Each structure stands twice: as structure tokens, then as C-alpha cells.
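Okay, so here's the structure we're looking at.
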Amino acid sequence: MFQATLAAELATRVGSRVEIATGNNLIEGVLSGVTDDLVLVVKIDTGYDNTTVYLSLDAINFVRFPVAAA
């Protein structure tokens, strides 16, 4: 039940910078897609290559949307 609510809220924030914590990882990047079961984050690296991370909704402990410094 909560997964559907989480997926719906995350879908409204596609394109935003995001920090997602799982049991043993903190993933930072741009939220680029959400399905009923998965979250897609493009992890921004300082180099030329970007890493795409797929996370299961039930593996997420918390989500944070950092505010850009002015």
C-alpha cells in the first residue's frame, strides 16, 4: 500500500536532484523515472560517464530532495 503512494509522489518529482538511502548505500543523482516497482536514478559523477542506478521501491529507507545552495 505505501509503495503505491511513494511511487506516485516520486513520479511527481522526476527531474529533481535526489538522495535515496537503502540499507547500505546512499545514492545521489537525478530522479529520472519511476514505475510501480522500480526507481531509476542517474547518478551524476564528476567525469564524463554517468551511472544509472535501478532501485526496488521496497529497498528504500528514505528519500531526500536537497535544496540547492543560493
Side-chain angles (χ1 to χ4, degrees):
M1 180 174 125
F2 179 73
Q3 285 183 348
T5 305
L6 177 61
E9 177 60 30
L10 291 176
T12 67
R13 296 178 180 250
V14 168
S16 301
R17 292 198 58 85
V18 67
E19 296 175 356
I20 299 176
T22 64
N24 56 357
N25 289 313
L26 178 66
I27 295 95
E28 301 178 57
V30 176
L31 182 63
S32 61
V34 179
T35 68
D36 292 338
D37 299 321
L38 295 173
V39 173
L40 171 62
V41 176
V42 176
K43 189 173 178 185
I44 306 299
D45 296 327
T46 57
Y48 292 102
D49 295 331
N50 294 331
T51 304
T52 303
V53 179
Y54 297 90
L55 298 167
S56 174
L57 278 171
D58 49 342
I60 294 174
N61 289 345
F62 76 82
V63 178
R64 189 180 104 144
F65 295 95
V67 178

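Remember, it's a predicted structure, so these values are computed and weren't measured experimentally.
- Remark: the backbone N or O of Thr22 is paired with a side-chain donor or acceptor of Asn61 at under 3.5 angstrom.
- Side chains of Asp37 and Leu57 form no contact here, defined as non-hydrogen atoms less than 4.5 Å apart.
- Inter-residue side-chain proximity for Val63 and Val18 is flagged as met; some heavy-atom pair is nearer than 4.5 Å.
- From Ser32, atom OG reaches atom CG of Leu40 across 3.0 Å, with rounding to the nearest 0.5 Å.
- Cation-pi geometry between Arg17 and Phe65 is not satisfied (NZ or CZ under 6.0 Å from the ring centre, within 45° of the ring normal).
- Taking the side chain as every heavy atom from C-beta outward, Leu10 and Val39 approach each other to under 4.5 Å.
- Put simply, the side chain of Thr51 does not reach to within 4.5 Å of the side chain of Val42, judged on heavy atoms.
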Ile27 and Glu19: CA distance, side-chain angles, deciding distance, side chain to side chain contact (heavy atoms under 4.5 Å, CB included) verdict: CA-CA 6 Å; Ile27 295 95; Glu19 296 175 356; over 6 Å; no

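- We find the OH-CG distance between Tyr54 and Leu38 to be 9.0 Å, quoted to the nearest 0.5 Å.
- Separation of atoms OG1 (Thr52) and NZ (Lys43) is listed at 11.5 Å; rounding is to 0.5 Å.
- Using a 4.5 Å cut-off on side-chain heavy atoms (C-beta onward), Leu55 and Ile20 make contact.
- For CG of Asp36, the number of neighbouring non-hydrogen atoms (other residues, nucleotides, ligands) closer than 6.0 Å is 12 at most.
- Going from atom CG of Asp58 over to atom CZ of Phe2 covers 12.0 Å, rounded to the nearest 0.5 Å.
- Closest of all the heavy-atom pairs between Thr35 and Ala7 is O-CB, 3.8 Å.
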